[in-house]
Q: 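Here it is, the structure in full.
Here is the naming used below: chain letters follow the sequence lines, and residue numbers restart at 1 for every chain. These numbers were taken from a predicted model, which means no experiment stands behind them.
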Protein chains: 2
Amino acid sequence: MTVHEHGRYSTGVEDLPYRSVPEAAVGRLAVYLRVLTSMIEQGVTTMSSEVLAGAAGVNSATLRKDLSYVGSYGTRGVGYDTARLVEHIERLLGLTRHHSIAVVGIGNLGHALANYPGFPDRGFPVTALFDLDEDLIGVPVGGLPVDHVDSIPAICAEREVTIGVICTPVPAAQGVCELLVAGGVRCILNFAPIVLQVPDDVEVRRVDLAVELQILSFHQVRRCNGNGVGPVVEPIDPIAVSR
Amino acid sequence: MTVHEHGRYSTGVEDLPYRSVPEAAVGRLAVYLRVLTSMIEQGVTTMSSEVLAGAAGVNSATLRKDLSYVGSYGTRGVGYDTARLVEHIERLLGLTRHHSIAVVGIGNLGHALANYPGFPDRGFPVTALFDLDEDLIGVPVGGLPVDHVDSIPAICAEREVTIGVICTPVPAAQGVCELLVAGGVRCILNFAPIVLQVPDDVEVRRVDLAVELQILSFHQVRRCNGNGVGPVVEPIDPIAVSR
DNA sequence: GCGACTTTGTTCCTGCGTTCACAAGCGGCT
DNA sequence: AGCCGCTTGTGAACGCAGGAACAAAGTCGC
């Protein structure tokens with residue numbers, strides 16, 4: 001640990017000038033990061049907030065404020081140096097360090113995620129796979145053999161897994177979650193449509209595909225309401241909405 | 001329920017009382033819906049806001065406020081009738097009508113989504129699959145043959161697809177998106193890590209798995225700051241943040 | 001039948017996040 | 001070298017969402 005002046009930054013808090021980064025901004029920063037790396041590949045070395053905001057689909061003022069959480073690394077009258085910005089965003093997001101991933105539940109979705117190139121490409125190598133099914137144990141998926149869920153704690157601890165991805169059916173999810181926590185995993189990405197109960201120091205993000213569709217459905221219905229297509233939302237009493 | 005001088009009395013639905021359902025509330029309502037259906041399967045007929053909120057992982061006041069957008073269907077002193085609540089949430093979310101889905105890009109992820117039971121189970125039947133790869137055309141995936149992307153507009157229009165799911169690589173995503181829009185699709189769930197450009201009347205929701213991981217990474221780093229594992233967050237420039 | 005208890009529905013308030021708008025700063029041009 | 005125009009960074013206002021608290025309302029016990 002190449003710590004510098006320990007005395008000056010004794011608390012470890014002042015080490016982080018980004019004291020309060022809004023949750024929403026974190027998500028957007030990750031998006032900026034992707035846009036930026038893509039632009040760098042195309043040889044772009046400088047971008048204005050206006051252009052970057054357009055590519056990321058946000059307001060330019062929002063973008064500038066988000067970037068101000070990272071620090072002031074733009075040049076007025078010119079824009080941002082793409083390479084430098086990437087570097088600083090990666091630092092803020094903790095991507096200077098690789099986070100190894102464990103995928104639990106090697107069904108259709110787990111299979112896909114185990115092979116998802118976007119994970120290793122972004123610095124998240126998949127280093128462990130788990131399932132209950134005896135027929136799957138030992139079978140290599142994406143070059144990595146599947147282990148039994150019972151060995152989650154040991155293997156996660158050994159391989160220093162920092163992120164667990166749960167793709168199991170609902171009934172297994174909570175149990176798997178506890179095994180991951182026992183293995184020292186403090187970050188969980190949960191695809192099972194259930195709210196996991198975890199200790200306070202564990203962060204869970206849920207990705208519920210059906211919920212996404214339902215939100216789309218809601219907007220669809222609201223948009224079509226009264227456009228002449230038909231009464232998509234009917235009054236309450238009529239039996240059912242049959243189109 | 002009080003009658004407002006606003007004019008129409010509150011029969012609950014007809015007079016567009018969901019003029020203003022907060023975006024965040026829509027997402028939560030979908031979660032409540034899932035919890036409720038699960039509870040109904042277990043024979044639960046009545047739930048208090050406290051219990052339901054706990055299962056959904058939200059504050060009970062927030063839950064009651066969310067439900068008030070749907071209408072007042074609880075009984076004071078008792079709680080909510082689960083079946084009735086499900087019915088009304090489904091109506092609000094537009095789930096009384098089935099939304100057929102097209103999946104574009106039958107790679108690992110597309111394969112998984114085409115077979116994802118959560119979609120049909122929730123009233124979102126997958127009715128069309130598309131890919132570019134000639135070797136895949138005609139091959140049944142989950143009982144449904146894959147068609148060529150060129151036929152997206154025709155087939156989507158014919159089968160009345162309302163939601164398009166994009167699982168293609170980034171370079172193909174925008175083009176596929178436009179084909180879907182040409183086929184009359186107004187709702188898109190995008191798994192490609194790119195911000196799609198669409199007309200105003202098209203709603204896009206993006207699911208970016210790498211972004212989710214990066215958000216987790218951010219929280220992990222902030223939590224573990226100073227745990228001795230390594231220089232997780234390195235000092236910024238000497239002259240970092242001046243104000 | 002009546003009182004007490006339980007739970008909803010709503011109102012108010014606080015805090016956060018987003019947007020607007022503008023001053024400060026930097027490069028390019030003459 | 002100095003001015004001009006462009007872009008950043010930020011202070012202030014606005015709007016929205018979330019949480020606490022409370023009154024209305026309906027049920028259960030006696």
Q: Per the atom types in the model, does the base of C/dT19 pair as donor or acceptor with the side chain of A/K65 at under 3.5 Å?
A: yes
Q: Pick the closest DNA chain D nucleotide for A/L67 and for B/V78 by heavy atoms, then say which residue is nearer the 5' end.
A: A/L67
Q: For B/L63 and C/dT10, give me the distance from atom CG to atom C1', rounded to whole Å.
A: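 For the pair B/L63 CG and C/dT10 C1', the rounded distance is 14 Å.
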Q: Start at the 5' end of DNA chain C and walk down; is the nucleotide closest to A/T75 or to A/A25 reached first?
A: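 Going by which nucleotide is closer to the 5' end, it is A/A25.
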Q: Rounded to whole Å, please give me the gap between CZ in A/R28 and C1' in C/dC16.
A: 12 Å
Q: Taking atom C1' of C/dA24 as reference, at what distance in whole Å does atom CZ of A/R64 sit?
A: 13 Å
Q: As a quick check of understanding, evaluate salt bridge (Lys or Arg N to Asp or Glu O under 4.0 Å) for B/R122 and A/E212, giving each step before the final call.
A: CA-CA 11 Å; B/R122 295 264 143 193; A/E212 298 295 325; over 6 Å; no
Q: Between C/dT6 atom C1' and B/L52 atom CG, what is the distance in whole Å?
A: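 Distance check: B/L52 CG to C/dT6 C1' gives 17 Å.
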Q: Using only side-chain N and O atoms of B/Y69, determine if any of them is under 4.0 Å from OP1 or OP2 of D/dA17.
A: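 Checking D/dA17 against B/Y69, no side-chain N or O comes under 4.0 Å of OP1 or OP2.
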Q: Mark yes or no for a side-chain to base donor-acceptor pair under 3.5 Å between A/R76 and D/dT8, with no hydrogen or angle criteria applied.
A: yes
Q: Given D/dG18, is OP1 or OP2 found less than 4.0 Å from the side-chain N or O atoms of B/T62?
A: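 For B/T62, the contact criterion (side-chain N or O under 4.0 Å from OP1 or OP2 of D/dG18) is not met.
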Q: What's the CG-C1' distance between B/D66 and D/dG19, to the nearest Å?
A: 12 Å
Q: Are any of the side-chain heavy atoms of A/S49 and A/L67 separated by less than 4.5 Å?
A: no
Q: In this structure, how many angstroms lie between the C1' atom of D/dT10 and the CG atom of A/N59, rounded?
A: 14 Å
Q: Evaluate side-chain contact (heavy atoms from CB on, under 4.5 Å) for A/F119 paired with A/H99, printing each intermediate quantity in order.
A: CA-CA 10 Å; A/F119 287 170; A/H99 297 263; over 6 Å; no
Q: OP1, OP2 of C/dT7 versus side-chain N and O of B/S48: anything below 4.0 Å?
A: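 No, B/S48 has no side-chain N/O under 4.0 Å of OP1/OP2 on C/dT7.
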Q: Reckon A/A61 touches a base, only the sugar-phosphate, or nothing at all at heavy-atom distances under 4.0 Å?
A: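 A/A61: base contact, heavy atoms under 4.0 Å.
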Q: With a 4.0 Å cut-off on N to O distance, would you call B/E23 and A/R222 a salt bridge?
A: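 No, B/E23 and A/R222 are not salt-bridged.
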Q: Could you give the OH-to-P distance, from A/Y73 to D/dT10, as a whole number of Å?
A: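 Rounded to whole Å, this separation is 12 Å.
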Q: Tell me: OH of A/Y80 to C1' of C/dC26, nearest whole Å?
A: 14 Å
Q: Answer whether the closest heavy-atom distance between the side chains of A/L196 and A/I166 falls below 4.5 Å.
A: yes
